[in-house]
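Atoms within each ligand, like the ligands themselves, are counted from 1 in listed order. Excluded from the calculations below are hydrogen atoms, water molecules and symmetry mates; all remaining heavy atoms, backbone and side chain alike, are included. Numbers for residues simply follow the sequence, beginning at 1.
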Amino acid sequence: MVEQTLVLIKPDGLSKSLTGNVLTRLSETKLEIVASRIVEVSKELAEQHYAMLKDKPFFPDLIKYLMGGFHKKKVMALVYYGDDAIAKIRKICGATNPEEADPVSIRGAYGRITTKGVYENVIHASTNPEEAEREIKLWFAPDEIIMDLYPVKTVKGTFEKKIWV
Ligand code: UDP
Ligand code: MG
């Protein structure tokens with residue numbers, strides 16, 4: 001099935017200069033990049049992104065991690081598109097816990113668990129189509145993606161722009 005998925009290279013990945021390595025690994029999938037941007041992540045964006053984990057004990061540190069509180073304050077967000085995009089990307093990422101991840105996966109090769117217990121695992125990738133849709137709409141405006149992935153409507157102001165409907 002042709003799908004799209006959200007990838008984030010988290011602040012540890014950017015701070016450790018792993019951007020090229022991660023993108024090279026992801027290119028093994030032969031999927032297409034249809035959007036990318038570098039983002040300084042606000043508290044609101046981080047909390048919305050991880051909203052389903054808000055009751056977990058590690059949530060405050062996870063938000064600080066995504067906002068760059070432990071590293072540089074930037075995240076690289078990308079949308080990958082193509083056949084079985086979600087599963088193909090998740091496989092190369094490896095398991096959530098970097099100590100349990102396949103050593104040749106991105107998280108297995110580059111991730112770590114901090115002494116505070118945060119999984120600094122370099123990369124985020126959506127786990128299913130519903131999560132991908134929610135996350136892509138959270139991180140990107142329609143005009144920042146080179147394909148029409150989801151329905152949009154055009155709003156008229158000084159300039160016309162598209163917004164997610
Ligand atoms: N995480 C953590 N400790 C845990 C579980 C998760 O620090 O026990 C962090 C980790 O950075 C992970 C993120 O929270 O990537 C989101 O967790 P999720 O269960 O959604 O894992 P993922 O989808 O990233 O594999
Ligand atoms: Mg997840």
S.K.: Under a 4.0 Å N-O cut-off, is there an ion pair linking Arg112 with Glu120?
M.R.: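 Looking at Glu120 together with Arg112, the answer is yes, because their closest N to O distance falls below 4.0 Å.
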
S.K.: Between Tyr119, Phe59, Tyr50, Tyr65, flag the one that comes closest to atom 13 (C) of ligand 1 by a heavy atom.
M.R.: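 Closest candidate by heavy-atom distance is Tyr50.
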
S.K.: So which heavy atom in the protein is nearest atom 9 (C) of ligand 1, and how far is it from that ligand atom?
M.R.: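 The closest heavy atom on the protein side is Leu62 CD1, 3.7 Å.
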
S.K.: Step by step, would you call Lys137 with Glu133 a salt bridge (Lys or Arg N to Asp or Glu O under 4.0 Å)?
M.R.: CA-CA 6 Å; Lys137 290 179 173 180; Glu133 178 172 352; 2.8 Å; yes

S.K.: Taking the non-hydrogen atoms of Glu120, is any one of them nearer than 4.0 angstrom to ligand 1?
M.R.: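 Not so, Glu120 does not reach ligand 1.
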
S.K.: Report the C-alpha separation of Ile123 and Ile92 in whole Å, then their side-chain angles, then the decisive distance to 0.1 Å, and conclude whether the side chain to side chain contact (heavy atoms under 4.5 Å, CB included) test is met.
M.R.: CA-CA 10 Å; Ile123 188 164; Ile92 290 182; over 6 Å; no

S.K.: Name the closest protein heavy atom to atom 24 (O) of ligand 1, giving the residue it belongs to and the distance to 0.1 Å.
M.R.: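 Looking at atom 24 (O) of ligand 1, the protein heavy atom closest to it is Arg107 NH2, 2.9 Å.
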
S.K.: How far is atom 25 (O) of ligand 1 from the closest protein heavy atom, and which atom is that?
M.R.: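 Here the closest protein heavy atom is Thr96 OG1, 2.5 Å.
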
S.K.: In sequence, state the C-alpha distance, the side-chain angles, and the governing distance for Leu149 and Phe140, and then conclude on side chain to side chain contact (heavy atoms under 4.5 Å, CB included).
M.R.: CA-CA 11 Å; Leu149 297 178; Phe140 289 94; over 6 Å; no

S.K.: Would you mind checking which non-hydrogen protein atom is closest to atom 1 (N) of ligand 1, with the distance to 0.1 Å?
M.R.: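 Looking at atom 1 (N) of ligand 1, the protein heavy atom closest to it is Phe58 CE1, 3.6 Å.
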
S.K.: Strictly distance-based, threshold 3.5 Å: is any side-chain N or O of Ser126 a donor or acceptor partner for the main-chain N or O of Leu6?
M.R.: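 Such a contact is found between Ser126 side chain and Leu6 backbone.
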
S.K.: Note the single closest protein heavy atom to atom 17 (O) of ligand 1, along with its residue, its atom name and the distance in Å.
M.R.: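 Nearest protein contact, heavy atoms only, for atom 17 (O) of ligand 1 is Leu53 CD1, 3.5 Å.
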
S.K.: Looking at side-chain heavy atoms only, is the closest gap between Pro129 and Ile86 below 4.5 Å?
M.R.: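 A side-chain contact under 4.5 Å exists here.
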
S.K.: Identify the protein heavy atom lying closest to atom 15 (O) of ligand 1, giving its residue, its atom name and the separation to 0.1 Å.
M.R.: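 Atom 15 (O) of ligand 1 sits closest to the protein heavy atom Asn121 ND2, 2.8 Å.
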
S.K.: Just to confirm my output: which protein heavy-atom neighbour is closest to atom 23 (O) of ligand 1, and how far is it?
M.R.: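 Result for atom 23 (O) of ligand 1: Arg90 NH1, 2.9 Å.
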
S.K.: With a 3.5 Å cut-off and no angle check, do the side chains of Asp12 and Tyr65 form a donor-acceptor pair?
M.R.: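 There is such a pair between these side chains.
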
S.K.: Checking the N or O distance criterion of under 3.5 Å, is ligand 1 in contact with Lys10?
M.R.: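 Yes, at least one N or O pair falls under 3.5 Å.
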
